[in-house]
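All remarks here apply to the structure that follows.
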Amino acid sequence: MLNYAWLILFFPAAGALINTFWGRRLGHRNAAIFANAAVLASFLMAVALFFGVRALPETAHRTFELPLWDWITIGDFRIEMALLIDPLSTVMALVVTGVGFIIHLYAATYMKLDDEHQPLDAARYARFFVYVNFFILMMLILVLGNNYIALYLGWEGVGLASYLLIGFWFHRPSAADAGKKAFIVNRVGDFGMGLAIMWLFFLFGKEAGSLAYHDIFAALEGASPAAISALTGVTLLLLLAATGKSAQIPLFVWLPDAMEGPTPVSALIHAATMVTAGVYMIARSHPLFQLAPGTMSAVAWIGALTALMAASIALVQTDLKRILAYSTISQLGYMFLAVGVGAYVAGIFHLVTHAFFKALLFLAAGSVMHALHGELNIDKMGGLKDKMPLTYRQFLVGAAALAGFPLLSGFWSKDEILFGAFQHSKLLYLVGLFTALLTAFYAFRAVFRAFHGRPRDEHLFDHAQEQPDGMVKPLWVLVVGSLLAGFLGLPQAFGAHINLMESWLEPVFEGVHVPEGSLGLVLALFVVSALVGLIGIYIAYARYVQNSGWAQSLQRSFAPLQPVLENKYWVDEIYLAVIVNPLRRLAHFFYGFGDQTIIDGIVNGVGRVTTTIGAGVARLQSGYLSFYALSLFIGAVAILAYFLLVG
Amino acid sequence: MNLHLAIIVPELIIVATALVVMLADLTGRAVSAPPRWRGQLMAGLTMVGLIVAALLTLVQIGLPVQDIQNLLIGDELSRYLNLIVLLAAILSVLMAWDYLVHFTRMMAEFYALFLLAVAGMMFMGKAVELMTLFVSLEILSVALYVLTGFHRGQLAGGEAALKYFLLGAFSSGFFLYGATLLYAATGTTYLSEIAALAPGGFFTIAGLALLLIGFGFKLAAVPFHMWAPDAYQGAPTPVTGFMSVATKAAAFIALLRVLLATISVPYEVWSWAIAILALLTMTWGNLAALRQRSLKRMLAYSSIAHAGYIFIGVAAGSQAGMNAVLFYLFAYAFMNVGAFAVAAQLEKPEFSAAQDADISATRGLFGRKPLLAVAMTLFLLSLAGMPPLAGFFGKMYLFIAAVDSGWVWLAVAGAINSVISAYYYLRVTVSMYMYEPSEETFVRLPLQMPVSLAISIAVAGTVLFGILASPWLTSLSRSVVALAAR
């Protein structure tokens, strides 16, 4: 079975190609069918891989490598195209293709209308599916590659897909700008990635002439102390790359703007899958990070602070998708916190549960947006639960899971992270806990503002209605996931082998010591976070449904903070003033003086000389046969003379 | 008696197809079938012959080396050459399929001559005796002289054919004289015996020098290249595409065999001559291409330059160098025939003399025919040597081989030349994307199925040979013998 693993890449590639060439002629229905079938087939393949990996012996770390072909061979340096099938990559592949398929299904209906609520023509409809299939392909290359070059290829590939999809409504300047912003901000991170890979190669890859994970990690043993200490630099560069792709401090600024893309894209790329690539990359590279404790603390603190900062911004946002975007940044922060304290399993576990509930929230928000003809401002909503009862329930489940409502998926995974943080540092734990309070509040603020109370815009309200089955039904799968996925990772303290996630991923993270707490401690922390979640929800209820006085005065006491949060800590403005504008001025200088005057002068000079020579050369081609014969003769004499003189 | 006739079955199929084509034409005329149908029939028959020959060649790969009376040899090198020639031929026939009807009714003659040229090249790759080699060379040359002037209504074609013929006759003289001197030195024309006797001295050296001149002419190496721009421009475009690739491939393989035989001439002597030829050829070709206005003539000069790049691999003389040569010929077959196929689509149907597509005819092509423009872009980028396309890996292997053999300056010269060439390739690309379609811009020939197929195959080859460069190189390397370690 595992020998056919390449099929998992083949299907989305085929889907993308079919729609590239025949999408326009296929029409809406068939284009969607091909794209969906491709991802479904890929998902079934991922399931097959899961069972294949399960059958592998524990002794071999449940790892299987499928070599496809040698891509580049230069001397001793070899880049092999090979797939790494192990518990971690199968989990990722399942999430990418599974959640990806649901989102594809939803998009088949959603994308029939464009951003102005007009029917979308078949060519662009098909192009959308080309992009998303391409995205799935690249994401799978990212998680299934067995070396850093494949990771890099996938990393850049998903970046490209993200850029194309954010700017999908390119006729809108804001969308085009958002695409550019995402791309450029990510370049900063990608630059770190490129440097890190080169450095890694010189430190650990040279001997084996390879950048495969197993070669690099094998070279760690017996490496010189200098090389080991250089790992801090390497891992910091990798962290920079991760902060770009996974929208962490300092590179998170592109993600909120990325909401300009169609909503299924926000759900797929900017919530469930692509943005988790950084978490995956750190987990995959954990042998490196384990040897760089300084970087590990940096990862944990960046995660915790990002979680707090993004959650606080989400408190005051009024755009439904932006709330979710900040929430995504915040939840990604939790994942970073987890891997930063060495709780890799918890990080991956949260990645899985988050994929379910955040995709659900986004898609439900997309339904609301469609029902209100593109309106996303929660101040103009209200009372929608009667108009859209199914969507309401779906959103509610997603929000509850996000808020950490006891026993839902987000509760279990967030708690595992908080538990890991508690073992590591109490301060990190407190930051995480406080963020959980904020999370519960803003999640239910969105629920209450959008779905409860009286409608604030009668006109919009009157036209709102439940969306077609094609957009409602697929979400029930995500609802089930959001409700139950948590039971994949019950705390180990509850009994041996009860944490399925832990047992499954154990072969990958073997050798990483995770401190175990007593049952009492685990239960105590549970109660605390359950309470925190419920309190957050209650405050939101008191403020937005009951509108009680104490809640209003609570809000008023935080009023000084309001402008800070509404302006998102002025991060965009600071970047503009400190980085973008000086760079632009520098660029102008280089362009005007350096490029136009000096470089162009040289280049044009060389070019002019070359083309002048070219003209002279061409003129020798006079067309006269006798001249041609003369040239041949001269050449012949020269060659003969050379051979006879030298030889 | 070594009479392993099985090794020349693909060649025999091609010759037989040529006969069948002519007979079918007679029959067609007898029942007075319309010319268009006859054209399709001829092309179809030719195609079948080429494909059967290609499949038989594929079957032969991996079989042991056999020979016929020491005249012809069936080894891996000759089989891969067959594949290159047949590939170029298949693509060119697809290109010619609907192209010919615009100016000629002599379909049978065209395809028969075309097939004879193919057979000549295939025999040339197998020849290991000087007279056999010479006869194969003449078979392909005579066929190509006629094909070059096939567009009889056009002055340029006739002029080009005549020039090609006269200079070709001249160079055949050199070739023959070289063979004579080698015979004088050794008393034999069998390459294996020449190598075994290994006499040094005047006759061998002079013989090799003269043979090199003969090959230099066929390969359009500077300064023996003068015929090439005129002939390439004047010939019907499918013929240009075919001969720019397949003739080169056959001549390079034959050159390789001759160099293996004249073992007594030291590497230091001949490699310098080849290196200088490489430098002159690529630099001259690229410089002259810079200022061309006609797309076809620009591609003609670019073909000259590419022969120069391939000479770098020969000069390296190592196993890696030979590998690189063979790899490059494959890559070149896809990207160059592909580029000519697109250029052919931009010609005017009636194409009067010197009215083949100007570069300005590509203005805004992307807006009119996006897929055609994208295909052309891929070909041009590959010719310029952009990763990850086939042309990049081809050049990279050539340059690496050169550096490994100590020819650093030659590799540097090759790299500089690539930069120069990027200018005129990208000029076309810029014109396709950055400009609004002008009045001039329209695909002058309707894009028919066969030529679309040819372009698609060429695109696939250009891309896949880039992505899968390494495994392919490995399989080629089994066929190759190093020259330096002769």
Side-chain angles (χ1 to χ4, degrees), chain A residues 13 17 20-22 24 67-81 123 127 149 153 156 603-604 606-647, chain B residues 159 162-163 166-167 170-171 174 200-202 204-206 208-210 212-213 216-217 221-227 229-230 264-266 268-270 272-273 276-277 280 283-292 297 301 371 388 393 396-397 400 404 420 423-424 467-471 473-474:
Chain A
L17 284 179
T20 306
F21 288 111
W22 297 287
R24 188 199 308 256
L68 298 179
W69 71 80
D70 281 350
W71 189 24
I72 302 172
T73 313
I74 305 170
D76 295 333
F77 177 64
R78 203 163 133 241
I79 295 296
E80 196 184 27
M81 274 291 161
R127 194 185 307 163
I149 297 290
L153 175 71
E156 295 293 336
V603 170
N604 289 340
V606 171
R608 211 168 296 132
V609 171
T610 314
T611 48
T612 313
I613 297 175
V617 166
R619 206 167 299 128
L620 278 179
Q621 190 78 31
S622 59
Y624 291 110
L625 188 61
S626 50
F627 179 72
Y628 291 7
L630 179 67
S631 148
L632 203 163
F633 184 71
I634 293 173
V637 170
I639 285 201
L640 257 179
Y642 166 79
F643 269 90
L644 295 177
L645 289 177
V646 177
Chain B
E159 187 191 329
L162 189 63
K163 281 180 189 163
L166 288 175
L167 293 172
F170 202 16
S171 78
F174 281 106
F202 175 80
T204 313
I205 290 182
L208 176 62
L210 290 168
L212 195 56
I213 295 164
F217 178 82
V222 176
F224 312 112
H225 69 288
M226 286 292 193
W227 60 275
D230 294 355
S264 55
V265 181
E268 293 73 27
V269 174
W270 65 258
W272 267 95
I276 298 293
L277 275 184
L280 285 177
T283 312
W284 197 278
N286 280 325
L287 287 178
L290 283 179
R291 288 291 281 264
Q292 299 304 324
R297 202 170 172 84
Y301 278 108
L371 283 180
F393 285 98
M396 188 182 81
Y397 293 139
I400 289 179
D404 283 347
I420 299 178
Y423 173 78
Y424 59 84
I467 301 173
L468 300 173
S470 230
L473 189 76
T474 317

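Order of the sequence lines sets the chain letters (A, B, ...), proteins ahead of strands, with each chain counted from 1.
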Side chain from CB out, backbone as N, CA, C, O: work out which of these in [X] comes under 4.5 Å of a heavy atom of chain A, or both, or neither.
{"X": "Tyr424(B)", "result": "neither"}
{"X": "Ile205(B)", "result": "both"}
{"X": "Leu212(B)", "result": "side chain"}
{"X": "Leu290(B)", "result": "side chain"}
{"X": "Leu473(B)", "result": "neither"}
{"X": "Ile276(B)", "result": "neither"}
{"X": "Ile467(B)", "result": "both"}
{"X": "Gln292(B)", "result": "side chain"}

Is there a side-chain contact between [X] and [Y], using heavy atoms and a 4.5 Å cut-off?
{"X": "Ile634(A)", "Y": "Ser631(A)", "result": "no"}
{"X": "Leu277(B)", "Y": "Val222(B)", "result": "no"}
{"X": "Met81(A)", "Y": "Leu153(A)", "result": "yes"}
{"X": "Phe217(B)", "Y": "Phe170(B)", "result": "no"}
{"X": "Ile213(B)", "Y": "Phe224(B)", "result": "yes"}

* For chain A, find which of Ala209(B), Ala206(B), Gly201(B), Ser171(B) contributes the most heavy-atom pairs closer than 4.5 angstrom. => Ala209(B)
* To do: Go through Ile400(B), Leu208(B), Asp230(B), Leu280(B) and name the one with the most non-hydrogen pairs under 4.5 angstrom from chain A.
  => Asp230(B)
* Would you check if there is a donor-acceptor pair between the side chains of Asn286(B) and Tyr423(B) at a distance under 3.5 Å? => no
* Asked: Under 6.0 Å from the CZ atom of Phe633(A), do we count more than 12 heavy atoms belonging to anything else shown?
  -> no
